[in-house]
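This structure is a prediction, so every number in the text was calculated from the model and none was measured. Proteins come first, then strands; the chains are lettered A, B, ... in the order of their sequence lines, and each starts at number 1.
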Number of protein chains: 2
Amino acid sequence: MKTFSISEVAKELDLTVYTLRYYDKEGLMPFVERTPSGTRLFKETDIGALKIVECLKASGMPIKEIKNFIDWCSDGDSTLQQRYDMFVERKATVEAQMEELKKTMEIIEHKCFYYKTALEAGTEDVHKNNKIGSFG
Amino acid sequence: MKTFSISEVAKELDLTVYTLRYYDKEGLMPFVERTPSGTRLFKETDIGALKIVECLKASGMPIKEIKNFIDWCSDGDSTLQQRYDMFVERKATVEAQMEELKKTMEIIEHKCFYYKTALEAGTEDVHKNNKIGSFG
DNA sequence: GTTATACCTCGAGCCCACTCTAGGTTTCGG
DNA sequence: CCGAAACCTAGAGTGGGCTCGAGGTATAAC
């Protein structure tokens, strides 16, 4: 079976080898096997699991909670409910983040317009009659 | 003119007074006036400016870069171009974040489905024939 | 007037997620 | 068989963003 070195995996996932070893230290990859001398051997499925780790990270989950999930995975079917619940909750938090990002975007777009017109006028004073503050 | 105490502003923006004082220390609110004895007096426009700070923070901008923006604001019309460029760039990064969040969401929704069916079957084994790894 | 509460500064401390250094072993190309 | 490059661990260091403690002043409520 084809395996990959830590640097190959780092490249694939756009992480550093430091980060991967740190994840290992934190218990995020108990499944990765080793050669007798200790070198890590990553399988395709290990890379898949790490992609889930990256997904959870991208959803804003802290490393320690991701570790809980990994532990549940190791515990087998008895933890299916927890894992399901976790993903449902993740879904909710990501939805909330999308909502917030949308609001952020609206303000930023408004600012783009604000500065575009100010630039055209050569001064911010064109907006002085708006309720938008002096830092517009 | 009506003013607000630091704790009122903290409440309004859902921040702690510690955080607000930290922002001040970092130069994010040079516009806030003081009583002769040193107590901060926030005006409505100050709160408006802080909302922009929060917006930039929400867009992922680090405090030091937000400070640059605040400095530009203090410098007046000569920095209109920089500020415009900054918001245009912010718009792009927020769009990128939305894209990534969407991808994250897709994986999470897939996982919700994966665990829902596994729960119904009572075991994760129902997915064993998929290319999804052992930590599915 | 006094007591409690809110304000202030300065600097230390904390947590997270890396990031790197030192010192050593292993593997691989020529 | 040798030297370079990649691997390993343990533990220290970094940077960002707060968060808090000490020690002190100011205002508000009784």
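For A:Glu33, the CD atom counts as loosely surrounded, since its 6.0 Å shell holds 12 or fewer non-hydrogen atoms of other residues, nucleotides or ligands.
Remark: P of C:dT26 and CG of A:Leu41 are 15 Å apart, rounded to the nearest angstrom. To the nearest angstrom, C1' of D:dC7 lies 18 Å from CZ of A:Phe4. Distance B:Lys67 NZ to D:dG16 P: 15 Å, rounded to the nearest Å. We find that CG of A:Asp24 is positioned 7 Å from P of D:dT9, with the value rounded to whole Å. As rounded to whole Å, 17 Å separates atom P of C:dT25 from atom CZ of A:Arg34. Atom pair A:Lys11:NZ and D:dC7:P shows a separation of 12 Å (rounding to whole Å applied).
Backbone-only contact: B:Arg40 has heavy atoms under 4.0 Å from sugar-phosphate atoms and none from a base.
How far OG1 of B:Thr3 is from CZ of B:Phe42: 10.0 Å, rounded to the nearest 0.5 Å. Here the straight-line distance linking atom CG of A:Leu50 with atom SG of A:Cys55 works out to 12.5 Å at 0.5 Å rounding.
Counting heavy atoms from C-beta outward, B:Lys128 and B:Asp125 have side chains that approach closer than 4.5 Å.
Between A:Arg21 and D:dT9, a side-chain N or O to OP1/OP2 separation shorter than 4.0 Å is absent.
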Note to self: Would A:Lys102 and A:Glu106 count as a salt bridge (charged side-chain N to carboxylate O under 4.0 Å, His left out) here? Give the steps.
What the structure shows: CA-CA 6 Å; A:Lys102 235 166 75 183; A:Glu106 273 166 31; over 6 Å; no

Begin from the C-alpha positions of B:Phe87 and A:Phe113 and carry the test ring-ring contact (aromatic ring centres under 6.0 Å, His included) through to its verdict.
-> CA-CA 9 Å; B:Phe87 276 106; A:Phe113 174 77; over 10 Å; no

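When atom types are taken as modelled, the side chain of B:Glu26 and the backbone of B:Lys64 share no donor-acceptor pair closer than 3.5 angstrom.
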The dot-bracket string of DNA chain C, counting Watson-Crick and G-U wobble pairs with both distances under 3.5 Å, using [ ] for crossing pairs and | for pairs to another strand, is ||||||||||||||||||||||||||||||

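The pair A:Asp24-A:Arg34 counts as a salt bridge, with a side-chain nitrogen and a carboxylate oxygen less than 4.0 angstrom apart. A salt bridge between A:Lys116 and A:Glu120 is present, with a side-chain N of the basic residue lying under 4.0 Å from a carboxylate O of the acidic one.
Between the side chains of A:Lys67 and A:Tyr23, no donor-acceptor pair of N or O atoms lies under 3.5 Å. For the residue pair A:Tyr114 / A:Glu124, a side-chain donor-acceptor distance below 3.5 Å is found, with atom types taken as modelled.
Both B:Gly60 and A:Ile6 lie close to DNA chain D; mapped to their nearest nucleotides by heavy-atom distance, the more 5′-ward contact belongs to A:Ile6.
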In B/S/- notation (B base, S sugar-phosphate only, - none; protein heavy atoms under 4.0 Å), nucleotides 14-20 of chain C written 5' to 3' is --SBBBB

The contact string for nucleotides 22-30 of chain D, one letter per nucleotide 5' to 3', using protein heavy atoms under 4.0 Å with B, S and - for base, sugar-phosphate only and none, comes out as ----SS---

